[in-house]
Number of protein chains: 2
Amino acid sequence: MPTDEWEPPAVLLTVDLVILTLRDAALRLLLIERGVEPFRDAFALPGGFLGHLGEGIEAAARRELAEEAGLGDRSLHLEQLGVYGEPGRDPRGRVVSVAYLAISPRLPDPVAGTDAAGASWHPVDAVLAGEVPLAFDHHRVVSDGVERARAKLEHSALATAFCADTFTISELQEVYEAVWGTRLDPRNFYRKVQRTEGFIVAAGPTRKTETGRPARLFRAGPRQVLHPPMVRTALTKGTDE
Amino acid sequence: MPTDEWEPPAVLLTVDLVILTLRDAALRLLLIERGVEPFRDAFALPGGFLGHLGEGIEAAARRELAEEAGLGDRSLHLEQLGVYGEPGRDPRGRVVSVAYLAISPRLPDPVAGTDAAGASWHPVDAVLAGEVPLAFDHHRVVSDGVERARAKLEHSALATAFCADTFTISELQEVYEAVWGTRLDPRNFYRKVQRTEGFIVAAGPTRKTETGRPARLFRAGPRQVLHPPMVRTALTKGTDE
DNA sequence: GCAATAGTGTCTTTTAGACAATATTCA
DNA sequence: TGAATATTGTCTAAAAGACACTATTGC
């Protein structure tokens with residue numbers, strides 16, 4: 001019970017990054033192999049402690065994005081995911097972590113960053129299935145992050161964050177299919193996407209590809225909120241909980 | 001730059017509560033009049049520092065819910081809203097706040113709690129319009145919380161959290177109208193709500209009211225995810241405003 | 001009957017969902 | 001021409017949106 005000279009307890013603050021991208025038509029997640037205790041040799045999300053007392057939390061996230069993932073000046077989607085701070089989640093003491101969700105277009109190669117040595121892309125399905133043991137409560141964080149991305153694809157333009165500056169409608173469809181794990185009808189997809197004013201806008205003189213008919217190029221439009229939403233079909237979903 | 005014996009900085013952790021309810025057919029928010037510096041005599045969200053180093057964050061939120069709002073053992077909806085921790089947001093030092101969104105059915109009176117003396121319900125519209133000056137960055141927190149509630153009404157069963165254990169369809173409609181600030185067509189609303197299997201289920205022998213035909217009673221069903229979602233649309237003609 | 005609120009039915013327009021055919025490029 | 005991918009069109013079923021009427025209670 002707080003008394004006269006009670007002082008509030010102080011906690012250590014970390015940021016953790018759920019970085020998603022598309023590679024080989026699959027949703028993948030960036031993981032670091034830990035070199036130090038605790039959880040040495042286990043995989044973990046990129047992240048780390050607040051650098052100094054005056055550093056902003058999102059600023060720390062961007063710093064770690066550069067240091068640990070080699071994604072420095074790159075423009076990518078970054079949003080706060082939530083706080084994970086249950087006592088006992090970190091053996092080093094009371095550590096509270098702010099998780100961020102980052103989404104990036106296909107990256108060059110195995111991430112050629114500074115400290116990004118032990119970083120590698122893992123299929124999200126395998127991670128969610130528990131085939132890749134993660135440190136701390138990072139499995140829960142990943143699960144929340146992926147679910148956030150899946151949900152936001154429905155009623156926001158988040159899908160374009162997985163694409164390069166310009167992209168084709170087929171590429172956009174691949175994003176939806178990979179993130180949701182479903183197959184969509186291209187004809188209905190074309191219709192739906194193009195009817196949503198401001199979702200994507202024509203870009204460039206319209207051409208590209210290697211074999212087959214060239215596709216028209218688009219870029220992300222100004223609209224962030226999709227109305228009506230894209231509907232996640234052919235998935236169990238419906239039932240409660 | 002971190003050196004050999006670098007130690008991560010520690011921050012103070014608080015929880016802040018955006019507590020929403022329906023009173024007089026309007027969406028209202030619980031605010032506390034601060035009795036101490038900083039921001040003495042300004043309004044602020046209920047909340048406070050982590051009680052001790054071993055206290056869970058959500059546990060702290062529930063404790064403050066009881067202490068500052070007098071909403072102790074009450075069953076209510078509580079979800080994490082986000083973290084607000086920019087340097088300089090609190091003159092007392094580096095304070096990072098975890099905001100929670102709480103939604104409660106109509107409460108007895110002006111909240112007869114323990115420390116809930118200076119607590120009062122304010123119309124959300126007035127607060128968002130800036131007519132009630134708030135301490136810290138609480139205006140932003142309130143704005144985010146209300147927007148979260150508005151959005152979740154669309155594709156989740158959150159609306160039932162504003163209702164008592166049993167409720168009528170008209171009452172549920174009033175929730176949507178108050179939170180969204182729109183008018184809805186009762187006939188389409190009845191149809192829509194009842195078609196969504198598991199959203200609400202019949203409860204009680206079916207009766208109630210004071211004047212007019214008694215209404216059937218329902219309670220919240222098992223389904224949390226609404227599919228298809230409720231769509232936020234205004235009534236074309238109906239009563240104006 | 002009258003006042004007041006609860007609940008249902010129908011029509012029209014829009015949208016989703018399923019399906020097949022045409023267009024454009026390169027070899 | 002053929003292979004490969006892009007793009008458009010049509011039909012049907014379902015849902016949204018607009019509208020008016022019937023039902024049940026207390027007086």
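Reckoned from all heavy atoms, side chains included, excluding hydrogens, waters and symmetry mates. Throughout, protein chains are lettered first and strands after them, A, B, ... in sequence-line order, and every chain is numbered starting at 1.
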**OP:** If a protein heavy atom is under 4.0 Å from the base, mark B; if only from the sugar-phosphate, S; if neither, -; do that for nucleotides 19-25 of chain C going 5' to 3'.
**Re:** BB--BBB

**OP:** I would like to know whether B:V18 and B:L30 meet side-chain contact (heavy atoms from CB on, under 4.5 Å); could you show each step before the answer?
**Re:** CA-CA 7 Å; B:V18 178; B:L30 192 69; over 6 Å; no

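A 4.5 Å side-chain heavy-atom check between A:E64 and A:P46 finds every atom pair outside the cut-off.
If you measure from atom OH of B:Y190 to atom P of C:dT8, you get 8 Å, rounded to the nearest angstrom. One atom, NE2 of B:H227, and another, P of D:dA16, lie 11 Å apart when rounded to the nearest Å. Here the P atom of nucleotide D:dG17 and the CZ atom of B:F189 are 13 Å apart, to the nearest Å. One interatomic measurement links the two molecules: CE of A:M230 to C1' of C:dT15, which rounds to 13 Å at whole-angstrom precision. Atom CG in B:L226 sits about 15 Å away from atom C1' in D:dA15, given to the nearest Å. At whole-Å resolution of the value, NZ in A:K192 and C1' in D:dG9 are 18 Å apart. The interatomic distance linking B:R195 (CZ) with D:dA13 (C1') rounds to 12 Å, in whole Å. A straight line from CD of B:Q194 to P of C:dA6 spans 13 Å, rounded to a whole angstrom.
For the pairing with A:F43, the side-chain contact (heavy atoms from CB on, under 4.5 Å) check across A:I32, A:V132, A:V127 returns one residue only, A:V132.
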Solution key, residues 140-151 of chain B side-chain donor-acceptor pairs under 3.5 Å, sequence neighbours excluded:
| unit_1 | atom_1 | unit_2 | atom_2 | d |
| --- | --- | --- | --- | --- |
| B:D144 | OD2 | B:Y84 | OH | 2.5 |
| B:R148 | NH1 | B:E79 | OE2 | 2.6 |
| B:R148 | NH1 | B:Q80 | O | 3.2 |
| B:R148 | NH2 | B:L81 | O | 3.0 |
| B:R150 | NE | B:V179 | O | 2.9 |

Name each donor-acceptor pair under 3.5 Å that joins a side chain in residues 163-171 of chain B to protein atoms two or more places apart or in another chain, with its distance.
| unit_1 | atom_1 | unit_2 | atom_2 | d |
| --- | --- | --- | --- | --- |
| B:D165 | OD1 | B:R219 | NH1 | 3.4 |
| B:D165 | OD2 | B:R219 | NH1 | 2.9 |
| B:T168 | OG1 | B:S170 | N | 3.4 |
| B:T168 | OG1 | B:E171 | N | 3.1 |
| B:E171 | OE1 | B:T168 | N | 3.0 |
| B:E171 | OE2 | B:K208 | NZ | 2.5 |

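Using a 4.0 Å heavy-atom distance criterion, B:T168 is classed as making no nucleic acid contact. Residue contacts shown for B:Q173 are absent, as no nucleic acid heavy atom lies under 4.0 Å away.
Between A:A159 and A:Y176 the shortest heavy-atom distance is CB-CE1, 3.4 Å.
For the pair A:R216 and D:dT8, the criterion of a side-chain N or O lying under 4.0 Å from OP1 or OP2 is met.
Aromatic pair B:H155/B:H227: centroids not less than 6.0 angstrom apart.
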